[in-house]
Amino acid sequence: MSSIKTCNNRCIFCFVDQLPSGLRSSLYIKDDDFLMSFMYGNFITLSNLSELHIQKIIKSRLEPLYVSLHSLDMQVRKQIFGTGRHLKGLKNFKELAQNQISMHVQIVVCPHINDGDRLIETLDELVLSYPSVKSIGLVPVGLTKYNRHTSLKPFTAKQAQETLDTVTGFTKLKKVENKVFLSDEFYIIAGKSFPSYQYYSKFFQINNGIGKSRDFMESFKRLAPSSLKTRALIVSSEYGSYVFNQLYQEIEMKGRLPLLTVKNNFLGTSIKATGLLCGADIINQLKKINFDRYSVVILPDCIFNEQGLTLDGYKKENILSINDKLRIIKENAKELIGELY
């Protein structure tokens with residue numbers, strides 16, 4: 001881990017800076033490594049790369065890269081990145097683009113900072129001037145209860161809907177529906193249905209939460225029998241439960257899978273993604289249920305890292321020891337259906 005190039009910015013929404021103290025040390029590493037971006041799709045700022053690094057990327061054709069850009073407006077970038085190093089990141093981005101290195105861009109959208117007209121200006125320039133950018137993913141800012149930047153607020157349902165309308169209008173006007181994508185979170189916050197499977201084109205940023213919900217729903221509808229054979233309980237987050245409820249509106253199936261929706265008290269209730277659920281919150285909810293009502297209780301493995309640990313340090317064994325009906329499965333429709341039928 002010591003060899004990983006780390007971030008030299010002070011982004012106002014940096015998730016690492018929004019973690020409480022006392023967690024395992026690996027969680028505080030601010031990965032900003034171009035090799036990790038190339039190999040695993042991690043998003044990087046490009047601000048810590050020398051000209052030697054840039055030439056290495058170009059010569060070796062290390063592409064696609066995944067770039068956290070956030071804005072092309074100089075004042076907005078200064079506010080977001082927190083240092084003047086963002087200028088180097090933008091310079092490197094332009095040099096890579098000029099040399100046709102393909103990139104997937106992420107914009108973390110913050111209300112009243114880089115949304116609205118400023119967002120459209122950035123999208124317009126990216127679409128017109130950067131053909132090597134293959135996709136642009138928009139995700140809403142995520143804020144834990146440890147956030148120290150009072151200028152940052154989570155999206156309201158109204159603000160999420162305004163962003164949906166603005167971006168949808170832009171993509172239709174510019175005919176770039178297959179290039180600019182809104183994350184699943186925007187639809188959930190706005191209380192809307194997810195777009196069709198075709199909307200996401202090649203699912204360029206599915207690991208960034210863009211199209212993941214629709215992909216799961218379509219896979220489940222395609223694979224699931226018409227009726228349940230197992231009395232199962234699904235443990236999920238608030239966002240995960242929203243996806244299941246959307247699925248139930250679209251699928252013809254006798255009976256619904258009951259859901260145990262876990263709120264994230266550890267990081268704050270505005271954090272609603274399943275992969276960020278913490279062990280203490282899950283255990284507290286599991287201890288309240290009557291296991292005799294179910295034949296199996298299913299948890300997704302995305303709440304654990306490769307070492308089998310939750311964000312707050314609980315092991316898989318800590319949770320599984322609560323009851324022998326607990327199962328941890330991969331977060332996909334095929335695995336889930338395998339447990340249900």
Side-chain angles (χ1 to χ4, degrees), residues 13 15-24 27 108 111 139-149 152-161 183-194 209 212-213 216-217 232-249 256-291 293-294 296-305 308-316 318-323 325-329 331 336:
F13 46 68
F15 198 81
V16 174
D17 290 341
Q18 294 187 72
L19 292 175
S21 60
L23 303 180
R24 59 184 183 275
L27 291 173
V108 176
V139 300
V141 64
L143 302 173
T144 77
K145 65 183 180 182
Y146 302 97
N147 168 54
R148 297 189 297 272
H149 289 273
L152 283 175
K153 303 294 181 185
F155 270 86
T156 64
K158 180 181 178 182
Q159 289 169 332
Q161 183 61 61
S183 74
D184 299 1
E185 285 182 80
F186 273 114
Y187 297 95
I188 297 173
I189 296 170
K192 298 297 182 181
S193 299
F194 300 111
K212 187 175 183 180
S213 300
F216 170 82
M217 291 166 63
L233 176 68
I234 307 296
V235 180
S236 193
S237 64
E238 292 179 81
Y239 282 172
S241 294
Y242 187 95
V243 175
F244 273 101
N245 287 321
Q246 285 285 306
L247 173 64
Y248 296 151
Q249 294 178 27
R256 290 186 173 189
L257 294 166
L259 303 169
L260 178 65
T261 303
V262 180
K263 291 189 175 181
N264 199 325
N265 294 306
F266 184 83
L267 292 178
T269 53
S270 65
I271 300 297
K272 301 179 180 182
T274 304
L276 295 175
L277 284 178
C278 296
D281 294 324
I282 293 170
I283 290 171
N284 287 338
Q285 290 300 310
L286 287 174
K287 288 182 175 180
K288 296 177 183 178
I289 69 171
N290 180 4
F291 280 90
R293 296 177 58 189
Y294 310 104
V296 63
V297 178
I298 299 172
L299 296 90
D301 71 344
C302 64
I303 63 178
F304 301 97
N305 70 355
L309 296 171
T310 62
L311 275 173
D312 53 343
Y314 283 83
K315 298 178 180 179
K316 286 183 178 181
N318 298 139
I319 297 177
L320 292 174
S321 65
I322 295 173
N323 193 281
K325 291 183 179 179
L326 285 166
R327 300 286 185 274
I328 297 172
I329 67 169
E331 192 188 24
L336 176 57

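By the 6.0 Å and 45° rule, K316 stacks over the aromatic ring of F304.
Contact annotation: the side chain of N264 never approaches that of T144 to less than 4.5 Å [non-hydrogen atoms, C-beta and beyond]. Counting only heavy atoms from C-beta outward, the side chains of D281 and K263 never approach each other to under 4.5 Å. No side-chain heavy atom of N323 sits less than 4.5 Å from a side-chain heavy atom of V297. Here the side chains of K212 and E331 are in contact, with some heavy-atom distance below 4.5 Å. Counting only heavy atoms from C-beta outward, the side chains of L259 and Y248 approach each other to under 4.5 Å.
The side-chain contact (heavy atoms from CB on, under 4.5 Å) test applied to N284 returns no partner, not counting sequence neighbours.
To the nearest 0.5 Å, atom CG of residue L336 and atom CD1 of residue I298 are 5.0 Å apart. Distance check: L233 CG to Y294 OH gives 4.5 Å after rounding to the nearest 0.5 Å. In this structure, NZ on K287 lies 6.0 Å from CD1 on I322, to the nearest 0.5 angstrom. Once rounded to the nearest 0.5 Å, the distance linking CD1 of I189 with CZ of F155 reads 7.5 Å. Here the straight-line distance linking atom CZ of F186 with atom CD of Q159 works out to 10.0 Å at 0.5 Å rounding. To the nearest 0.5 Å, atom OG of residue S193 and atom OH of residue Y242 are 6.0 Å apart.
For residues 15-24, the salt bridge (Lys or Arg N to Asp or Glu O under 4.0 Å) pairs, not counting sequence neighbours, are D17-K30.
Within the 3.5 Å criterion, the main-chain N or O of N318 finds a donor-acceptor partner in the side chain of S321. The backbone N or O of G209 sits nowhere less than 3.5 Å from a side-chain atom of S183 that would complete a donor-acceptor pair. Remark: side-chain polar atoms of Q18 are paired, donor with acceptor, to backbone N or O of F13 under 3.5 angstrom.
Taking both residues in full, the closest heavy atoms of V108 and V141 are given as CG1-CA, 3.7 Å, listed atom of the first, atom of the second, then distance.
Here the rule is side-chain contact (heavy atoms from CB on, under 4.5 Å) with P20, and of L27, D312, L267, L311 only L267 fits it.
Checked against the 6.0 Å centroid criterion, the rings of Y187 and Y239 do not qualify as a close aromatic pair.
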Could you pull out every donor-acceptor pair under 3.5 Å between side chains of residues 270-279 and any protein atom, sequence neighbours left out?
{"residue": "S270", "atom": "OG", "partner": "L143", "partner atom": "O", "Å": "2.6"}
{"residue": "T274", "atom": "OG1", "partner": "S237", "partner atom": "OG", "Å": "2.6"}

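Residue K145 places its NZ atom among more than 12 non-hydrogen atoms of other residues, nucleotides or ligands, all under 6.0 Å distant.
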